[in-house]
There are 2 protein chains.
Amino acid sequence: MDVEKVNAMDFGDFVAVFGNVIERCPLIAAAVWSQRPFSDVDDLDKRFCAFIDALPQSGQEGVLRCHPDLAGRELQQGTLTAESQREQSAAGLQSLSADERRRLAQLNAQYRARFGFPFVLAARLRDPAAVASELERRLHSPPAQELRTALGEVKTIGRLRLADLLRADPARL
Amino acid sequence: MDVEKVNAMDFGDFVAVFGNVIERCPLIAAAVWSQRPFSDVDDLDKRFCAFIDALPQSGQEGVLRCHPDLAGRELQQGTLTAESQREQSAAGLQSLSADERRRLAQLNAQYRARFGFPFVLAARLRDPAAVASELERRLHSPPAQELRTALGEVKTIGRLRLADLLRADPARL
């Protein structure tokens, strides 16, 4: 992929391609466009991360709240974004037993009640058992630490999505 | 409308109802939820405005870049958000002549090239002639002043959308 191609995009094209690097936050891609030209993919990735880091805490919580539950209602109803759909499928979350699904729903609800945002995890790097045990573990984190952990996952998801986009058919870019 | 009802919403319901108060920026509603309880509609409105004001300039430009063109391709293709669709229709932008549409498209392109974000206007308060003359006028503003003007329009649009939502059937809330 040619970073020159990215640097030549107008903001409409840029947001159309990179608008969901951070789940349901096209505002962030639209802001990152202000920082062009980018020297390479890492530079582009760093700009997304820096924008998130510079948000006030309410904004960082807002980013997390734009994420769907893992194995939640949106996966059931088919209303996930294309990226989330692929990631949750890759983690095998579409083929849970009814019991596993109930258990995750319970843990997700406890997590949301405790922290005020949904449990976010770079799911495609895990399998269903790892998702559940990670959720159980993080449920007991101190809130300030958990906010940092969750934002780290958002950044990992974003980096993987960027890599997908830049590996993709250059004609799309 | 009962503000108590708003204050009792979990973040999922809140974002589902208020997620497009700022066009295509559910992140902002999701962040504003952190500020609850709200004393009344004005308080809620002020929280949206304060979040926008606290963003770095790139973030404020990002908010603007999430807005569609007035009388642009998305209106033609029917891919506007429901709120934008209603507002552009109220301004009569759906029934322009081919000449008027071409003229606006030209002005929109000039504006985007000059400022790096689309022309944003609380359209439902205007008619097509007023939209065009306002666009011609603002095209010559100094960039820093134009950023402030455009963000003022975003806030006006948000205030009107909030008022619609809070006047709406309380059963929706």
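Just so you know, these numbers use all the heavy atoms, side chains as well, and skip hydrogens, waters and symmetry mates. Since we're looking at a predicted model, the values are computed, not measured. First the proteins, then the strands, lettered A, B, ... as listed; each starts at 1.
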Applying the 4.5 Å side-chain criterion to the ILVMFWY set and letting contacts propagate, would A:Leu160 and A:Phe51 be lumped into a single cluster? no
Please look at B:Ile28 and chain A and tell me whether the side chain, the backbone, both or neither of the residue comes under 4.5 angstrom of a heavy atom of that chain. side chain
Does any part of the side chain of A:Leu55, heavy atoms only, come nearer than 4.5 Å to the side chain of B:Leu55, both counted from C-beta? yes
Distance-minimising heavy-atom pair for A:Val63 and B:Leu27: N-CD1, 3.4 Å
Comparing B:Pro118, B:Cys25, B:Ala113, B:Gly12 against chain A, the one with the most heavy-atom pairs below 4.5 Å turns out to be B:Pro118
Cluster overlap B:Ile22 with A:Ile52, hydrophobic side-chain contacts below 4.5 Å: yes
Flag yes if A:Phe119 and A:Leu125 sit in one hydrophobic cluster, no otherwise; membership is Ile, Leu, Val, Met, Phe, Trp, Tyr, and two members link when side-chain heavy atoms are under 4.5 Å apart. no
Calculate, to the nearest 0.5 Å, the distance between atoms CG and CZ belonging to A:Leu64 and B:Phe11 respectively. 9.0 Å
Is it the case that over 12 heavy atoms from other parts of the model lie below 6.0 angstrom from the NZ atom of B:Lys46? no
How about A:Ser58 and B:Gln35: do any of their side-chain heavy atoms sit closer than 4.5 Å? yes
Flag yes if B:Leu147 and A:Val32 sit in one hydrophobic cluster, no otherwise; membership is Ile, Leu, Val, Met, Phe, Trp, Tyr, and two members link when side-chain heavy atoms are under 4.5 Å apart. yes
In terms of heavy-atom pairs under 4.5 Å, which option from A:Ala29, A:Pro56, A:Gly62 contacts chain B the most? A:Gly62
Are the side chains of A:Arg65 and B:Pro26 in touch, meaning some heavy atoms are under 4.5 Å apart? no
When hydrophobic residues are tied together by side-chain contacts of less than 4.5 Å, even through go-betweens, does B:Phe38 share a cluster with B:Val15? no
